[in-house]
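All values reported here derive from a predicted model rather than from experimental measurement.
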Amino acid sequence: MNSILAQLHDSHQIWHGNNHHLISDSITTGDTGLDDYLHGGWPEASVIELQSINGIGELRLLMPYLASQAQSTRLVAFIAPPSQLGSQMLASNELDTSQVLVLYSQRDNDILWSVEQCLKSGCVGVIVLWHQQFTSAQIKRFKLAAEQGQASLIIIRHQPNLSLCLPVQLSLSLAPHQHGLMISINKQLGHWSKAPYLLDMRKQWPDLVTPVKPSNVIELSQRKVG
Amino acid sequence: MMQWLYIHLPQLQLDTLCHESETSVPLVIIDAVDNSVVQCDHAAKAKGIVIGHGLGSAAALCPNLRVISYCANSETSQLEQMAQACYQHMADIAIMPPQGLLLRLTPMLKLYRDAASCWQVIKPCIEQVTAHYSVALAHSAMAAQCLARQQAIDNQDANVSMVMLEHKMLLINQQLAKVALSTTTLANKVIRKLSHIGINRLGDLLNIPLKELAQRFDIEVVNILGQISGQLRTALTFYQPSAQFHYYLDLHFEIQTTIRLSKPMGHVLARLEQYLILRELLASELHLRLILRDKPPQIIHINSAQGEQKQAKLLELGMLKLERLSLNSPVIALELDSILLIEKQTVSGDIFNPSASSSNKLSPPQLISLLQAKLGDGSVQSITHHQEHAPECANRQQMLQLKDNQSTQSPKLPSLLRPSYLLSSPRPWHEPVTIIHGPERIQTHWWLSQPIERDYYIATNSQQQWCWLFKQADGQWFIHGYFG
């Protein structure tokens, strides 16, 4: 190699597009199709962003992952959820509620502080965080803490500031679909973007998908409520 | 024959005050009763202030004098703390308020070779607190006290008094004869009377047999002299260590911001750490009392679910608690009490998985204590389930209780479709929705105070959110949760 090139290479000034060893181990999402789509599953010990409104199935998407973490005797922390979490729903997904920690705080700084402490502690496997505004520095800090404690952080937020791309490992957009969830990758470290993927929830959650009406049924006027 | 060691600490209050920082401003301690200087530091001595000066003459010698009033109680509590430290090495310690510690060496000589090696063990405990002390060895408790006090007046070095330890009985008696009467515990009136008839030294009195003394003086004088000569016994109560840790620290300056409390708190907690290490205990609950000027003290509860021994860990927990506290008034003193100490249990780590047992890892109870210290106890919650039909009662988030965490096995729940987000109280609902499932009627017992009768529906709204709605008997619609 050219000596100047070698020098640049040694000082990490050259970015190699093809031999990127950033892909760490991944954990299955519980759905083989989604695993393939995400190149193996959820990345381990990382920061994941889900851009989604609440109540369209975002927790159902995460449930197999959370349950597997709780089984390995590590805690699952829910930080600043928008409301109380239903114990029956968690328990029916085989998530042991004795392994669940729920944190609330009025102050943003306290929330971010507790996220970092939980990530660093090493006894928390995964953290689900509902919080809207972040700076890049905060995410980078979370990434270091996540590596230190071998924990993952999943951020659920619904007003993404499009001009600001956070330095997360994986960023997904979730949209409701009549058969489940439409998942599209905003950003995945080390991979190209792809066409959106439809996560079919009809098998696992038959009651929470819109039933398809047979084509020979004539619809009456919709029931009005209120 | 008994051997007694007396340690006289002439400026205990001054030394404990200056422990933190040495300043160049002269400092004197004044006895409020007769306004005379009882203790003064080097800077004050350099200005010419001598113990016994009045406050007026001291102030005249040095205009920028700092004056603190003498407090016998603080010296006594300091002595107790020293006794606590010495108790690790000596069995029989008597606190002689306000400025002395008395050790009975004889039983300890089985363990230590001689008095000098006893002293070598005790010395660090004393020097940790103060550099000004005098030590004397004698055959009776009161004689040791007189000798030590005399040495303090003669300004003998500690090294010289070391030599004293080696002296034999004869030399001790010689020394005792030279002791001025003013250093004994005799009443001032008696001392004055004796000096009128030319008796100033103890030797003049000790030569007279007790019987003859009893004819000439009252019983109190005879008692004291008999105790000094060793013919009479001195009644002593020996120190018994308390089961809980207690430490009191007077601050040199008033502290107004909580962040500045970390230094003195670290000092107090370092003492606690020593105490805990010696006893193989962990601190689980501590009460830190901040003594405020002109206001009632503020008490902070430091809790650690797992129990901590390390000063740094306890300090971290304590500082998190302090951050949330606003001081009503400047802090003038700290007082730390241990409420719950637990036995230390060693957990052996996994040698095949070093990451699992790395030192910077926290255990779940440690993490929870940390979070509770910062966010407050109520903000750290666990999810529990109760066998109830009403969703408000079935789901409960409550303050985390660590104890029942391990044992309870959550019962198998009926797999009902229940929302993952449950609103704390149902909200009226007016928007149009598409109903997918329902109704599911939930009706509670009529004898309850607020019986409910609701028909629950699962529906999607215009944003495709899965809502959990219910209709009351009166036809009103409410939303109670979302399926996340």
Intermediate values then yes/no, side-chain contact (heavy atoms from CB on, under 4.5 Å), Ser379(B) and Leu103(A): CA-CA 6 Å; Ser379(B) 297; Leu103(A) 304 178; over 6 Å; no

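- Taken from CD in Gln366(B) to CD in Gln117(A), the straight-line distance is 12.0 Å, to the nearest 0.5 Å.
- Of all the listed residues (Asn461(B), Leu370(B), Thr460(B)), the one sharing the greatest number of non-hydrogen pairs under 4.5 Å with chain A is Leu370(B).
- Leu422(B) places none of its side-chain heavy atoms less than 4.5 Å from the side chain of Leu85(A).
- Counting heavy atoms from C-beta outward, Phe483(B) and Asn54(A) have side chains that stay 4.5 Å or more apart.
- For Arg60(A) (side chain) and Gly484(B) (main-chain N/O), a donor-acceptor pair under 3.5 Å exists by modelled atom type.
- Looking at Gln476(B), there are no atoms closer than 4.5 Å to chain A (heavy atoms on both sides), in backbone or side chain.
- Nearest heavy atom pair, residue Ser420(B) against residue Met89(A), reads CB-SD, 3.5 Å.
- A heavy-atom distance below 4.5 Å is not found between the side chains of Ile53(A) and Tyr482(B).
- Of the atoms belonging to Leu90(A), it is side-chain heavy atoms, and not backbone ones, that fall under 4.5 Å from chain B.
- The shortest side-chain heavy-atom distance between Leu367(B) and Cys118(A) falls under the 4.5 Å cut-off.
- With rounding to the nearest 0.5 angstrom, the CD atom of Glu323(B) is 8.0 Å from the CH2 atom of Trp113(A).
- In this structure, the side chains of Ile383(B) and Leu101(A) stay at 4.5 Å or more apart for every pair of heavy atoms.
- Residues Ile56(A) and Gln464(B) come closest through the heavy atom pair CG2-O, 3.6 Å.
- For Leu423(B), the parts lying near chain A are the backbone and the side chain together; criterion is any non-hydrogen pair under 4.5 Å.
- One distance of note links CZ of Arg427(B) with OG of Ser83(A); it measures 8.5 Å at 0.5 Å rounding.
- Separating the SG atom in Cys123(A) from the CD1 atom in Ile368(B) is a distance of 7.5 Å, to the nearest 0.5 Å.
- The shortest side-chain heavy-atom distance between Tyr421(B) and Leu59(A) falls under the 4.5 Å cut-off.
- Summarising the local packing, NZ of Lys194(A) is surrounded by more than 12 heavy atoms from other residues, nucleotides or ligands at distances under 6.0 Å.
- Of the inter-residue distances, the one linking Ser92(A) atom OG with Leu417(B) atom CG reads 8.0 Å to the nearest 0.5 angstrom.
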